[in-house]
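Input: a single structure, listed below in structure tokens.
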Amino acid sequence: MASKFSALRKLDPNFIRLLGYIKPHRGKLILSMLFMVVAAGSSSLIAMLLGQLTERGFYEKEAWVILGAPIGLLIIAGLHGLSTFMSAYLLGKVNQGALIAIREELFAKMIRWPAKTYQENTCARVSAKFINEANIALTNVGRSLTMFIRDGLQVVALLFILFYYNWQLTLITFIVGPLIVLVLRLISKKMKSVVAENQKTVALLMGAVQQAYRAQRLIKVHNNHEQEYDRFDKVNEKIRRESLKVMRLSSLGAPATQVITMCGVAIIIAVALFEAQKGLITMGDFVTFLSAMLMMSPPLRHLAELNATMVGVKVAAESIFESIDQNGEDDEGKEELTAITQPIVFDNVTLRYPNTEKDAVKAFNLTVQPGEHIALVGLSGSGKSSLINLIPRFWEPTSGQILINGIDYRQYQLKSLRDQIAIVTQDVFLFNDTIRANITYGLKDVSDEAIDKAIEAAALKPFIESLPKKLETTVGEAGGLLSGGQKQRISIARALLKNAPILILDEATSALDSESEHHIKTALETLMRGRTCFTVAHRLSTIENSDRIIVMNDGEIREMGSHQELLQLDQAYANLVKLQSLGQQ
């Protein structure tokens, strides 16, 4: 009983919030509770039946008891078993419905996180929230409800029997209450930190598996299997140790409660036997009372285990809701961007990433006319990619502003801004879907004719025609069934098909062979006409026809001009051209 009140005190806002996901399934939950009431009541009937069996069978020697008692016990046992099964089954359906809902909400929030939040959370840590922590939280909420209602009702029903037959003896049971509460409170304090650490280590384990899976070629070529195994083994061993700590602590509650309870039972039995010898209690009442006392031990033990369950729920719920409550991308703009009619202006733009001491982009000023082709070059870390990541608002300026059509681009609705932008990056990501689905990603009602034009312009047609399933060919996880050049060309076809007025090319031809590059270079030149284009390139031959080439260093503009102008200047850009020419010889 004390365990039940202890559990009530442990209810916190996150637990109540979890119950909110169960609310849509309250019909099944209520029906499950009704079955729990039947299960609790039937257990009380067993104690009463045993008392009647003693009185009427052993002392009054009534003949019908020989057949009636076994039949009665079987009926009550069947009723108890059926109601227990139905309550557990219905509650399982409620749990699964709630689990789907919380995962959907978590996923919906995750895909709208800003870049800063992705930077702060590893993929493995987020995956653990979906798989491990969500399951712990919702499954254990259901388990907690089952224990709290079923076992709580059973304790109440048995207490009613105890009070009815001998209220004086029953009062002795409340002596053990404060002792149980004290033991469970001490265990809970220690257990919370252990459970939290265990869940973090599970995320590390998932990370180790993901890294090894993705890096399988690197592991093989370096013959580094043993080192990766050792890395995994250390994390796995850490999980084993922490899991044992959790099991050790969670297992303490039940036996401690049982020992304390049995001490109370021992005292009651001694007092009851003394009263029986004095003729103050009949043998039937004593058997009923003793049966009820012994039957109360399992539900009390379960309620004691509820304390450990609640600790796991609390830790998992805190972690899940921390992610759900993360702010999404800032999208407070009211204006809708439908066309690019005026220059894009970078007005004293500075970007500094969180937890760094150096600006990635520093006091950057540039005016880009509609349809102008701007190329960005420079050594790695010079700020090129950081700058172009500002255009679709993957990151936002730390200071300064970017103006589109004369107003700060943060005043535009985020969707309408990104609708005007197509991107081809160096690191191509493809979904584990068909080539058609990857090319038309994010677009609706695309005609076959438009797709054909895009794949032909991206030099994909011969490759696709060679495949048995053509456009319906699955590319594998992250495009793993394709070569780097094939993935890059699919990405280019996707950008061609979007046909947006702003085009961002971040090393768009880096993974292409010379023949494919020749075809795509012509296609890109056609695509760039009339569009504002930002190109980041290490292969300088691909940007010679740019309207302006900007040489960046340390986040700042060091040189700016056409290809010929910068060669004549004979400084940073000319040096890059010379170095690349030497490298190609």
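- Taking P354 as the reference, K116, Q119, W395 meet the side-chain contact (heavy atoms from CB on, under 4.5 Å) condition, with sequence neighbours excluded.
- R548 places a side-chain heavy atom less than 4.5 Å from the side chain of L366.
- You'll find the side chain of T440 reaches within 4.5 Å of the side chain of I451, heavy atoms only.
- For the pair F346 and I391, the minimum side-chain heavy-atom distance is below 4.5 Å.
- Taken to the nearest 0.5 Å, the CG atom of D330 stands 8.5 Å off from the CG atom of L414.
- The distance from atom CG of L387 to atom CD1 of I402, rounded to the nearest 0.5 Å, is 7.0 Å.
- Panel note: side chain T434, backbone A437; a donor-acceptor pair is recorded below 3.5 Å.
- Distance alone, capped at 3.5 Å, is enough to place a donor-acceptor pair between the T398 side chain and the R352 backbone.
- In terms of modelled atom types and a separation under 3.5 Å, the side chain of N365 and the main chain of N348 share a donor-acceptor contact.
- In terms of heavy atoms, Q369 sits closest to T367 at NE2-CG2, 3.9 Å.
- Ion pairing between a basic and an acidic side chain is recognised when a charged N comes within 4.0 Å of a carboxylate O; D325 and R17 show such pairing.
- Proximity of a side-chain donor or acceptor of E104 to a complementary backbone N or O of A101 within less than 3.5 Å is not detected.
- Judged purely by atom type and a 3.5 angstrom limit, K384 uses its side chain to pair as donor or acceptor with the backbone of G378.
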Would you check, one step at a time, whether the test side chain to side chain contact (heavy atoms under 4.5 Å, CB included) holds for D554 with D359?
-> CA-CA 8 Å; D554 242 358; D359 294 329; over 6 Å; no

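- Listed here is the closest heavy atom pair of A454 and A493: CB-O, 3.7 Å.
- In this structure, the side chain of K498 engages the main chain of I421 through a donor-acceptor pair within 3.5 Å.
- The CD1 atom of I492 lies 8.5 Å from the CG atom of L460; values are rounded to the nearest 0.5 Å.
- A salt bridge (Lys or Arg N to Asp or Glu O under 4.0 Å) with E329 is found for one member of R112, R418, K109 and no other, namely R418.
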Worked check of side chain to side chain contact (heavy atoms under 4.5 Å, CB included) between F534 and I502 | CA-CA 8 Å; F534 297 86; I502 298 175; 4.3 Å; yes

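- Counting only distance, with no hydrogens or angles, the side chain of N389 and the backbone of F394 share no donor-acceptor pair below 3.5 Å.
- The residues K415 and D331 are annotated as not salt-bridged, no charged nitrogen and carboxylate oxygen being separated by less than 4.0 angstrom.
- Distance CZ/R558 to OG/S382: 10.0 Å, rounded to 0.5 Å.
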Given side chain to side chain contact (heavy atoms under 4.5 Å, CB included), test Y21 with L99 step by step and report yes or no.
-> CA-CA 8 Å; Y21 292 91; L99 185 59; over 6 Å; no

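- Counting heavy-atom neighbours within 6.0 Å of N327 CG, excluding the residue itself, gives a total of 12 or less.
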T350/F364 under side chain to side chain contact (heavy atoms under 4.5 Å, CB included): CA gap, chis, key distance, verdict = CA-CA 6 Å; T350 294; F364 189 91; over 6 Å; no

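- Checked against the 6.0 Å centroid threshold, H563 and Y573 count as a close aromatic pair.
- Considering every non-hydrogen atom in both A574 and L566, the closest pair reads CB-O, 4.2 Å.
- S562 pairs by the side-chain contact (heavy atoms from CB on, under 4.5 Å) definition with Q564, E565, not counting sequence neighbours.
- Side chain of N438 to main chain of L430: no donor-acceptor pair is present (N/O by atom type, distance under 3.5 Å, no hydrogens or angles).
- Atom CD of Q326 is separated from atom CG of L106 by 10.5 Å, given to the nearest 0.5 angstrom.
- Inter-residue side-chain proximity for Y353 and T356 is flagged as met; some heavy-atom pair is nearer than 4.5 Å.
- The side-chain heavy atoms of Y409 and R393, taken from C-beta on, include a pair separated by under 4.5 Å.
- The main-chain N or O of A375 is never found under 3.5 Å from a side-chain atom of T535 such that the two would form a donor-acceptor pair.
- G406 approaches Q342 most closely through the heavy-atom pair N-OE1, 3.9 Å.
- Under a 3.5 Å cut-off, the side chain of T532 and the backbone N or O of G371 do form a donor-acceptor pair.
- Using a 4.5 Å cut-off on side-chain heavy atoms (C-beta onward), E449 and K453 make contact.
- Closest approach of I388 and P392 over heavy atoms only: O-CD, 3.0 Å.
- Minimum heavy-atom separation, D408 to Q401: OD2-OE1, 3.2 Å.
- Inter-residue side-chain proximity for E472 and I435 is flagged as unmet; no heavy-atom pair is nearer than 4.5 Å.
- The distance from the CZ atom of R436 to the OG1 atom of T474 is 12.5 Å, given to the nearest 0.5 Å.
- The side-chain heavy atoms of P397 and R410, taken from C-beta on, include a pair separated by under 4.5 Å.
- We find that R103 and E105 are not joined by a salt bridge, their nearest charged nitrogen and carboxylate oxygen being 4.0 Å or further apart.
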